[in-house]
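Take a look at the following structure, please.
Values reported hereafter were calculated over all heavy atoms of this structure, with side chains retained and with hydrogens, waters and symmetry mates removed.
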Amino acid sequence: GPSLAGESVPSGIETFPPATRGALTVVLAAGYTRIGLVDGALEVGEHLPLRELRDALATPGVTVLRPASMGAVRAVQLESSGMQGHGHVFRLFRRGSLTDREEVYVLHAPAALRYRCLTLPLVNIRYTLRAMRLASHLARADEQALLRYMRDVPWFDRDRHCLSAAVYATCGTSRCARIMQTFDLMYRDIKHEDAMSLVSRLQSQYPGP
C-alpha cells in the first residue's frame, strides 16, 4: 500500500495490496505465520474487521505486527489480545498523543501506479512541522496555527497545495515560499519510516531459508 509505495522488499518477504475484509483469513489459509499489517482499506464494508484480527491472534504460532497506518490504530485496540504494535505512529496512539485515526489516512493511486500517495497524512505534516520548530525554522504559534488549519481540512484534500494555502493564510505572503521550501527539505514520511522499520524487523527476526 501507500506506506511502502514503490519500495522493493528483501527476498523472503511478500507484499500484498492494502488489507480488506477477508484478506487475513486468506493469508492464514495459505500458511503464513509472521504477518505485518501496514495499510488497510478505508471504505465502509471493505476494511479489515476486528473479529478477523482476533481470530488470527488466537491462532497458535501466528504473530501479527502492525505499524504505520491503520495497522497502528488496530494494534492499540488489540494490544491486550496479543497484537504487537511497532513504530512511531503506534507509540503516539498508544500514549494518547494521537486519537483521531484520520491522522494516518491518505489518498493514493491504484496498484498499477504502485499506490503512490496523492495527499499528505496529517501525522507526517505534524512531524515535519515539529522538526521545523525544533530547528528554529518555525515559531510554536505558527506550528499550532498550521495544525489547526490542516485538521479542519478533509483528509482526502490534505495535499501540498492545501498546505501552501494554510501557510499563506497563517504566516503571510512574504514567508510562504521560504516555509514551504523548508517543509519540502525536511519532510518526514513517518508512515513510510515505520513500514520500512517493520520490514527490517521481519527480516532480522524471521529470516527466510
Side-chain angles (χ1 to χ4, degrees), residues 1-43 46-94 98 101 103-121 123-124 127-128 187-209:
S3 295
L4 281 170
E7 285 284 353
S8 297
V9 298
S11 60
I13 296 178
E14 296 188 51
T15 58
F16 298 89
T20 57
R21 181 181 295 273
L24 195 51
T25 301
V26 169
V27 297
L28 287 173
Y32 293 95
T33 58
R34 301 292 182 265
I35 303 166
L37 286 168
V38 181
D39 294 308
L42 301 179
E43 296 84 359
E46 287 295 316
H47 65 269
L48 192 66
L50 288 175
R51 174 188 52 76
E52 197 170 332
L53 287 162
R54 289 194 180 97
D55 289 345
L57 292 167
T59 303
V62 170
T63 299
V64 183
L65 297 159
R66 303 208 71 165
S69 189
M70 286 304 292
V73 177
R74 291 294 194 229
V76 173
Q77 293 172 325
L78 293 175
E79 190 174 16
S80 62
S81 298
M83 182 168 285
Q84 299 180 34
H86 179 83
H88 300 288
V89 179
F90 166 73
R91 288 191 291 271
L92 287 171
F93 274 105
R94 188 171 187 252
L98 295 181
R101 67 180 60 187
E103 288 260 355
V104 300
Y105 286 9
V106 64
L107 193 66
H108 61 81
L113 296 176
R114 305 188 72 182
Y115 303 107
R116 180 173 62 87
C117 293
L118 303 176
T119 57
L120 301 173
V123 68
N124 288 357
Y127 254 82
T128 304
Y187 183 64
R188 290 283 306 275
D189 190 343
I190 295 300
K191 291 178 56 172
H192 178 73
E193 291 177 21
D194 280 0
M196 291 304 296
S197 176
L198 174 65
V199 169
S200 296
R201 179 175 173 182
L202 286 171
Q203 186 182 28
S204 63
Q205 292 186 353
Y206 313 110

Quiz item: For the atom pair OG1 (T63) and CG (L57), what is the distance rounded to the nearest 0.5 Å?
Solution: 9.0 Å

Quiz item: V106 and P2: which non-hydrogen atoms are nearest, and at how many Å?
Solution: CG1-CG, 3.7 Å

Self-check item: Y115 versus G1, closest heavy-atom pair with distance
Solution: CB-C, 3.6 Å

Quiz item: Measuring from D189:CG to M196:CE, what's the distance to the nearest 0.5 Å?
Solution: 11.0 Å

Quiz prompt | Interatomic spacing from NE2 in H88 to CG in N124 - rounded to 0.5 Å | solution = 10.5 Å

Quiz item: In Å and rounded to the nearest 0.5 Å, what is the CG to CG distance from L120 to L107?
Solution: 11.0 Å

Exercise. Locate the shortest heavy-atom distance separating V199 from P10; write the atom from each residue and the value.
Key: CG1-CD, 3.4 Å

Self-check item: Considering all heavy atoms, the nearest V89-D194 contact
Solution: N-OD2, 2.9 Å

Quiz prompt | Partners passing side chain to side chain contact (heavy atoms under 4.5 Å, CB included) against R116 (at least two apart in sequence or in another chain) | solution = A109, L118

Quiz item: Looking at CZ of R188 and CD of E193, how far apart are the two atoms once the value is rounded to the nearest 0.5 Å?
Solution: 4.0 Å

Self-check item: Verdict with reasoning, L92 to Y127, per side chain to side chain contact (heavy atoms under 4.5 Å, CB included)
Solution: CA-CA 11 Å; L92 287 171; Y127 254 82; 3.4 Å; yes

Quiz item: About how many Å separate CD1 of I190 and OG of S3, when rounded to the nearest 0.5 Å?
Solution: 11.5 Å

Quiz: residues 12-31 side-chain donor-acceptor pairs under 3.5 angstrom, not counting sequence neighbours:
unit_1: E14; atom_1: OE1; unit_2: Y32; atom_2: OH; d: 3.1
unit_1: E14; atom_1: OE2; unit_2: Y32; atom_2: OH; d: 2.9
unit_1: R21; atom_1: NE; unit_2: G45; atom_2: O; d: 3.3
unit_1: T25; atom_1: OG1; unit_2: E52; atom_2: OE2; d: 3.3

Quiz item: Hey, are the side chains of L48 and L53 touching, using non-hydrogen atoms and a 4.5 Å cut-off?
Solution: yes

Self-check item: Side-chain (K191) to main-chain (P121) donor-acceptor, under 3.5 angstrom
Solution: no

Self-check item: Those residues that, when tested against E7, pass side chain to side chain donor-acceptor pair (under 3.5 Å) (two or more places apart)
Solution: H192

